[in-house]
Amino acid sequence: MNFSEVFKQTNQLCKVSPDGKYLATCVQYRLVVRDVSTLQILQLYTCLDQVSHMEWSSDSLFILCAMYNRGLVQVWSLEQPDWHCKIDEGSIGLVSSRWSPDGRHILNTTEFHLRVTVWSLCTKAVSYIKHPKACQKAVDFSRDGRYLALAERRDCKDYVCVFVCDDWHLLRHFETETQDLAGLEWSPNGCVLAVWDSCLEYKVLLYSLDGRLLSTYSAYEWSLGVKSVSWSPSSQFLAIGSYDEKVRILNHITWKKIAQFEHPAILDSTKATVYKEVEKRPAVGSDEMSLHSITIGTTLFNTQSKYEISPLPVQIPVVKPDPDRANPKIGISALAFSSDSRYLATKNDNMATAVWVWDMQKMSLQAVLEQTSAVRCFQWDPLRPRLALCTGNAKLYLWSPGGCVSVQVPAEGGFQVQSLNWHCSGDSVILLGKEQLCLCYMDTDQEDK
């Protein structure tokens, strides 16, 4: 593995272009575009204020920079650096801005969710969508970019609007059987729309494109319900994480539960491998290398760490949530399928130091990674079954079916990895600190041989 030098960034605003060629970062009010392969600066743009949100268009030709506190959006062109576009929402304000899949329209959500404004970069035409709901995930585009699903709230009832993205005409408008809709998400194949209720009621609804209710799923009543939802890339599975510390898997044929993954505090009868991170100050001149632990350190003064396989039974550290505080730290907050839908990674909030990896073919636990600190972020390689995670220290952790590795980031000044993003090729990972970033390059040639 190799690491790049360290660059500045603000608010974790760092995105690789969809074609994988460019790296855009925001440093306060400046937008810097670099060549991914050389990291040389290609373009430098100056925005009118500090950027709150930054996003590439789908064709990698334009970059959107939103300044929510000023109600402004600026759009920059990579091909024509002198061209730019400014959208001012004025006194109505701005809380969200995003591209449409065609990369030529911008959707702005105004303050208090009064409306969504659709701006066309080509014709300067403006369309309005009224009554968008203020919730966890109110807007979702189908993977092929043809349809937009939007959650709507009016007269104390929840509705879903389905728009055709070509000309923004309304295709379907239907009421949902929810008390307080919290989110919606298209299946990757665009055939089914999953809608889920707020955490006060466990309810997941599945609708067809024409608004027919295909199925309703509720695991239990009178307790905090759904916390996270994720489709498998194959659209065969819908994983639902809930506050009862369990993940339920629905199948795409009958929409019935086919598996339930529990996260017990004590693992005593499992075929899964439990990897425990062990920190150590390395002794000079003696480096132990075992079959299951690989340690990469940069200096003698770093606290190195390695993974050891824990013998059963294993006690996973549990933090008891405060019952008097809102949004209790309990339940499945993060779900992620590998690109081939073979594995599912989960995190249970009251076991914050552990990541659980499930085998979706065997419907069983494959591995548990027990870290020394709470897991901040994990993400799958876009092409291979390889999971990267970070815990807010100077290390990058990787899991694959072959085992685990802990890698020291050799940046000076105590670079602490807060979050990470894979490059679309899977050949590198962008590591984001509080105000810095660096790239980690994978040695994929050796892996592929």
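Quantities reported herein were computed from a predicted structural model and do not represent experimental measurements.
Contact of the Asp102 side chain with the Phe141 side chain is not registered, since no non-hydrogen atoms from C-beta on lie closer than 4.5 Å. Within the 4.5 Å cutoff, no side-chain heavy atoms of Val274 are placed close to those of Ile309. Between Leu396 and Leu431 the shortest side-chain heavy-atom distance falls below 4.5 Å. Annotation: side chain of Cys390 is in contact with side chain of Cys377 (closest heavy-atom distance under 4.5 Å). The shortest side-chain heavy-atom distance between Val204 and Leu238 falls under the 4.5 Å cut-off. You'll find the side chain of Val357 reaches within 4.5 Å of the side chain of Leu387, heavy atoms only.
Evaluation of the ring pair (Phe, Tyr, Trp, His ring centres under 6.0 Å) rule for Trp255 yields Trp231 as partners, not counting sequence neighbours. Applying the side-chain hydrogen bond (donor to acceptor under 3.5 Å, both in side chains) criterion to Glu277, with sequence neighbours excluded, gives Ser305, Gln371, Thr372, Tyr397. With sequence neighbours left out, the salt bridge (charged side-chain N to carboxylate O under 4.0 Å, His left out) criterion links Arg248 to Asp244. Residues that satisfy the ring pair (Phe, Tyr, Trp, His ring centres under 6.0 Å) test with Phe378, not counting sequence neighbours, are absent from this structure. With sequence neighbours excluded, the residues forming a side chain to side chain contact (heavy atoms under 4.5 Å, CB included) with Ser218 are Tyr202, listed by chain and number. Partners of Tyr441 by ring pair (Phe, Tyr, Trp, His ring centres under 6.0 Å), not counting sequence neighbours: none found. Partners of Tyr45 according to the ring pair (Phe, Tyr, Trp, His ring centres under 6.0 Å) rule, which considers only residues two or more places apart in sequence or in another chain, are Trp76.
By the 6.0 Å and 45° rule, Arg34 stacks over the aromatic ring of Phe7.
Across all non-hydrogen atoms, the minimal contact from Gln304 to Lys395 is C-CE, 4.2 Å.
The ring pair (Phe, Tyr, Trp, His ring centres under 6.0 Å) analysis of residues 46-74, with sequence neighbours excluded, yields the pairs Phe62-Trp83. Residue pairs satisfying the salt bridge (Lys or Arg N to Asp or Glu O under 4.0 Å) criterion with at least one member in residues 42-71, sequence neighbours excluded, are listed as follows: Asp49-Arg70, Asp59-Arg104. Counting only residues at least two apart or on different chains, the salt bridge (Lys or Arg N to Asp or Glu O under 4.0 Å) pairs with a member in residues 141-152 are Glu152-Arg154. For residues 221-230, the salt bridge (Lys or Arg N to Asp or Glu O under 4.0 Å) pairs, not counting sequence neighbours, are Lys227-Asp349.
Under 3.5 Å, the side chains of Gln236 and Asn251 contain no donor-acceptor pair of N or O atoms. Counting only N and O atoms by type, the side chains of Asp197 and Gln179 include no donor and acceptor under 3.5 Å apart. Residues Ser419 and Gln12 have side chains that bring a donor and an acceptor to within less than 3.5 angstrom of each other. When only modelled atom types and interatomic distance are considered, Asn108 and Ser97 share a side-chain donor-acceptor pair under 3.5 Å.
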Thr25 and Val33: CA distance, side-chain angles, deciding distance, side chain to side chain contact (heavy atoms under 4.5 Å, CB included) verdict: CA-CA 7 Å; Thr25 55; Val33 180; over 6 Å; no
### Task
Tell me, with the steps shown, if Asn348 and Glu245 meet side-chain hydrogen bond (donor to acceptor under 3.5 Å, both in side chains).
CA-CA 6 Å; Asn348 185 13; Glu245 305 176 55; 3.1 Å; yes
| said: Let's go through Arg98 and Ile106 carefully: what are the C-alpha distance in whole Å and the side-chain angles of both, what is the deciding distance for side chain to side chain contact (heavy atoms under 4.5 Å, CB included) to 0.1 Å, and is it a yes or a no? | reply: CA-CA 6 Å; Arg98 64 182 292 172; Ile106 290 170; over 6 Å; no
Distance-only criterion, 3.5 Å: show the donor-acceptor pairs between side-chain atoms of residues 313-326 and protein atoms not counting sequence neighbours.
| from | atom 1 | to | atom 2 | distance (Å) |
| --- | --- | --- | --- | --- |
| Asp322 | OD1 | Asp324 | N | 3.0 |

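The aromatic ring centres of Trp99 and His105 sit 6.0 Å or more apart.
Although no hydrogens or angles enter the test, the distance criterion places no donor-acceptor pair under 3.5 Å between the side chain of Thr178 and the main chain of Asp180. Panel note: side chain Ser60, backbone Asp19; a donor-acceptor pair is recorded below 3.5 Å.
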